[in-house]
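Each remark here refers to the structure printed beneath this line.
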Amino acid sequence: MAKKLTAQADDFSAWYNEVIAKAELADNAPTRGCMVIRPYGFALWENMVAELDRMFKDTGHVNAYFPLLIPDSFFQKEAEHVEGFSPECAVVTHGGGKKLEENLMVRPTSETIIADMYARWIQSYRDLPLLINQWANVFRWELRPRAFLRTTEFLWQEGHTAHATAEEAEEETLRILDIYRTFAEDYMAIPVLYGPKTDAEKFPGALQTYAIEGMMKDGKALQMGTSHNLGQNFSRAFNIDFQTRDGSREYVYQTSWGMSTRTVGAIIMAHGDDRGLVLPPRLAPHQVVVIPIAKSDEEQAVVREAVDRLLETLEGVRVKVDDREQFGLGWKFTEWETKGVPLRVELGPRDIASGQAVVVRRDTGEKEFVPLESLGGRVGDLLQTVQRDMFQRALTFRESRSQEIQERDSFVTAANGDGGFIHAHWCGDPACEAAIKEETRNTIRCVPMHWDAVTGACAYCGGPSERMVAYAQAY
RNA sequence: CGGGGUGUAGCGCAGUCCGGUCAGCGCACCUGCUUUGGGAGCAGGGGGUCGGGGGUUCAAAUCCCCCCACCCCGACCA
C-alpha cells in the first residue's frame, strides 16, 4: 500500500480509483468492465440494500425474481426501448453447444420480461395495483466503464408496478422518487435536486422519467436514482389488460424505478477527502472502530477487559475492534481513516487510568476525551451529529457550486467551465437542448420540481421559459 | 470506433534507445528477535513463461513482424 493518496485537487479521477483500491471497496475483475465488490464494499452496499428494501416494503412492495436472460423478441415489442438498449446488450447466441433458435439478451433492465409475466397475472382491477421489486444484477455493455459508476455488470433494485389508472401510476412514480430523495439525503447524506428529465434524457419507453441528481466534489453531477412513469407503452406492447369495475377492458398503467451500486460511487465522491473515504454513520459497515493500545502483557489484559466493558455500553452500534498485533497504531489509524469509519475510539492504559477514552471524528478530525461511563451515549450522539453535519457540508458545498445565470455568454462560459450546477431558464425546445449539449459540456440534469416556477427567457436562445432547469456536467 | 499510453514478482516500478553477470529495486509476504499513544527496527528467507506467438542472432526483456489484454481522453450511458 502506497503511503499517500493522490490529492483530489491534483487528479480527482486518480483519487477516486485509489480510494476504491485502498479502502478495499472493489477490485478490477479479469472480465472487461467488471469489478469485484470486496467484502468492505459489499457490506456498505448491504446496508444500503437493507434500508431501501425496508422503505419499499413499508410502502407495500414485495420482492420477486425474474430471469437474467430475456428472449430477443421481447425487446422488439417496444420501439423506443429496443432502440435505447440494443446497442448495449450482451447477447447469448449459443447454449448447450448449439446455436439457439432465438437469441437471448442478458438483461440490461427487466421491463419486457416482467411485462410478459404481468400479462399473464393481471386479469382484473382486483389484481391491481401490482407492486413488485427485484434485487438483481444487470448488464450494459458500456463503452467506458468506471468502478461503481458504470460497470458492465452492476447490482441494483428495479421496481415494476402496474396500476388501474394513470393517476395512480403517476402517484407511484412520485412516491418512489420521494423514497429515493429521502434515502439519498437522510442515509447517504447527499442533498439532491429532483424532478423530471427532459424528453431527450428520459428512459427509453417511458412517458416521463424523474431523477435525483447529486453534486460530487469535482463539480460533476451524478444521477443517483430514476423513477419512470411508463404509462401504457409496455402494457400495449405486451397486452397487459384488465377488466375494470364496470366491465370494460383497459391496459394497465405502469411504473419502473431503479437505484444501483452507482450510489456507492456517489458516497465516495460526495464525501471523500484527501485521506480517503468518509462514510455516513447510518450506512457505514463499522460505525465505530475501537483501537486498544497496550505494550506489555499486563497492560494488554487490563485493556482487553476495559474494551469488553466498553463494548457493552455500545449496544446497537456497529463496532469493530482492531486488535491485530501485526500493525502499529499509526498504520491502524490511517487504514480506518482511509476506510471512512465515522468514529475512532482509542483506549489505552493512560485513558483507563483517567477513566476515559479518546474519541475522534473522521469527518472533522476533532478529538475529544469522553468518560467511560458516558461513552455509549456520547457515541450515539456523535454518530447523529456526524450524519447531520455531513449532509450540511454536502449541501453547503453544492450551493457553493451552484449559480443562477440569465445571459447567454456567461451561460456558455460557465457550462464549459469547471463544473457545478447552473440554474437557468430553458425554452423547452429539444433542438435548443441539443445545441447546448453540442456547444457546452453541460446537459439538463433535471427540471427541479421543488423550485418555484418563475417565467423568464431561455439562457441560450432567449425564447420564453416557464421555469428554470438544472444544468451540469454529468457522470 | 477515433486519439494517447502501458504490459517485467501480489502491488508500484527501473532496465529496452545502444542485444552480452539484467532477472533487479521499493512495498507487500514468510521466519526469528526487539518494538507498540500517528504508516516500527534488525537479521534471515521465498517468490519470475519479462503479455502471447513467430523471426533475426553465438546470444533477445532489449531488434523485426503478427496478435492479445488493460488503462486514460472523447462519443454512448444507471
Side-chain angles (χ1 to χ4, degrees), chain A residues 1-5 11-14 16-18 21-22 24 27-34 83-89 107-109 136-158 180 197 200-204 209 211-214 221-228 256-266 275-276 291-297 299-300 303 322-338 344-354 357-358 360 365 367 369 437-438 441 443 445 474-475:
Chain A
M1 188 182 280
K3 296 265 177 192
K4 277 197 85 106
L5 286 167
D11 185 344
F12 194 83
S13 188
Y16 179 78
N17 289 328
E18 288 171 23
K22 287 179 179 151
E24 298 181 325
D27 208 347
N28 283 323
T31 318
R32 188 210 85 106
C34 294
E83 187 186 337
F85 281 105
S86 283
E88 56 186 53
C89 276
R107 65 177 165 219
T109 181
N137 58 338
V138 289
F139 283 73
R140 294 184 189 177
W141 215 265
E142 301 292 353
L143 298 175
R144 217 180 125 202
R146 282 198 83 190
F148 289 110
L149 301 176
R150 236 182 355 258
T151 43
T152 300
E153 177 185 14
F154 59 93
L155 305 182
W156 75 347
Q157 57 70 214
E158 47 179 325
Y180 286 162
K197 289 278 187 183
E201 300 274 339
K202 73 178 170 60
F203 178 80
T209 288
I212 57 171
E213 294 275 340
L222 185 73
Q223 179 172 305
M224 292 163 58
T226 46
S227 183
H228 316 292
S256 72
W257 26 277
M259 204 180 223
S260 76
T261 35
R262 163 177 264 201
T263 49
V264 173
R275 300 166 83 85
I291 304 198
I293 300 167
K295 299 182 187 157
S296 62
D297 287 349
E299 278 184 358
Q300 270 180 18
V303 172
D322 187 356
D323 53 6
R324 293 173 300 177
E325 291 179 3
Q326 70 269 37
F327 296 118
L329 290 172
W331 201 97
K332 290 181 184 178
F333 292 168
T334 307
E335 170 165 330
W336 293 115
E337 280 166 3
T338 305
R344 177 176 81 229
V345 173
E346 303 168 22
L347 191 60
R350 288 206 310 251
D351 304 307
I352 294 168
S354 50
V358 181
V360 184
K367 180 183 283 200
F369 299 92
K437 187 174 180 178
E438 182 69 27
R441 296 153 81 177
T443 50
R445 300 325 304 153
Y475 263 99

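Residue numbers begin at 1 in each chain, while the letters A, B, ... track the order of the sequences.
rU21(B): no Watson-Crick or G-U partner with both key distances under 3.5 Å is found in any strand. The nucleotide rG2(B) finds its pairing partner in rC73(B), both defining distances of the Watson-Crick or G-U wobble pair being shorter than 3.5 Å. Summarising the base pairing, rA60(B) is matched to no nucleotide, lacking a Watson-Crick or G-U wobble pair whose two defining distances lie under 3.5 Å. Across the strands present, rU49(B) finds no partner; the criterion is a Watson-Crick or G-U wobble pair with both atom distances under 3.5 angstrom. When both pairing distances are held under 3.5 Å, rC27(B) makes a Watson-Crick or G-U pair with rG10(B). The pairing partner recorded for rC42(B) is rG32(B), the criterion being a Watson-Crick or G-U wobble arrangement whose two distances lie under 3.5 angstrom.
The backbone N or O of Ala266(A) sits nowhere less than 3.5 Å from a side-chain atom of Tyr475(A) that would complete a donor-acceptor pair. Not one N or O on the side chain of Tyr16(A) forms a donor-acceptor pair closer than 3.5 Å with the backbone of Asp11(A).
At a cut-off of 3.5 angstrom, the base of rG38(B) holds at least one donor-acceptor pair with the side chain of Arg344(A). A donor N or O paired with an acceptor N or O is not found under 3.5 Å between the base of rC77(B) and the side-chain atoms of Arg140(A). The base of rG38(B) lies outside donor-acceptor range of the side chain of Glu346(A), with no N or O pair under 3.5 Å.
Neither OP1 nor OP2 of rG12(B) sits under 4.0 Å from any side-chain N or O of Lys22(A).
Contact check on Glu337(A) versus Arg275(A) returns a salt bridge, with a Lys/Arg side-chain nitrogen under 4.0 Å from an Asp/Glu carboxylate oxygen.
Among rG37(B), rA78(B), rG38(B), the nucleotide with an atom closest to any side-chain atom of Asp351(A) is rG37(B). Nearest nucleotide to the Thr334(A) side chain, out of rG38(B), rC72(B), rC76(B): rG38(B). Checking rG37(B), rA78(B), rC72(B) against the side-chain heavy atoms of Asn17(A) singles out rC72(B) as nearest. Here the nucleotide nearest the side chain of Ser260(A), chosen from rA75(B), rG38(B), rA78(B), is rA78(B). For Arg275(A), the listed nucleotide lying nearest its side chain is rG38(B); candidates were rA78(B), rG38(B), rU36(B).
Using a 4.0 Å heavy-atom cutoff across all strands shown, Thr151(A) reaches at least one base atom of the nucleic acid. As judged by a 4.0 angstrom heavy-atom cut-off over every strand, Lys367(A) is placed among residues making no nucleic acid contact. If you check every strand for non-hydrogen atoms under 4.0 Å, Val138(A) touches nothing. Counting non-hydrogen atoms under 4.0 angstrom, Gln326(A) reaches nothing in the nucleic acid. Nucleic acid contact class of Leu329(A) (heavy atoms, under 4.0 Å, all strands): sugar-phosphate only.
Side-chain N/O atoms of Arg445(A) and Thr443(A) include a donor and acceptor closer than 3.5 Å.
For the pair Ser296(A) and Tyr475(A), both in contact range of RNA chain B, the more 5′-proximal nearest nucleotide belongs to Ser296(A). Across the interface with RNA chain B, nearest-nucleotide mapping of Glu325(A) and Ala474(A) shows Glu325(A) to be the residue nearer the 5′ end.
In this structure, Phe154(A) counts as stacked on the base of rA78(B) under the 5.5 Å centre distance and 30° plane angle limits.
At a threshold of 4.5 Å between non-hydrogen side-chain atoms, the residues Gln157(A) and Trp257(A) count as touching.
Taking atom CD of residue Glu153(A) and atom C1' of nucleotide rC77(B), one finds them 17 Å apart after rounding to whole Å.
A cation-pi arrangement is present between Arg344(A) and Phe333(A), with the terminal nitrogen or guanidinium carbon under 6.0 Å from the aromatic centre and inside a 45° cone about the axis.
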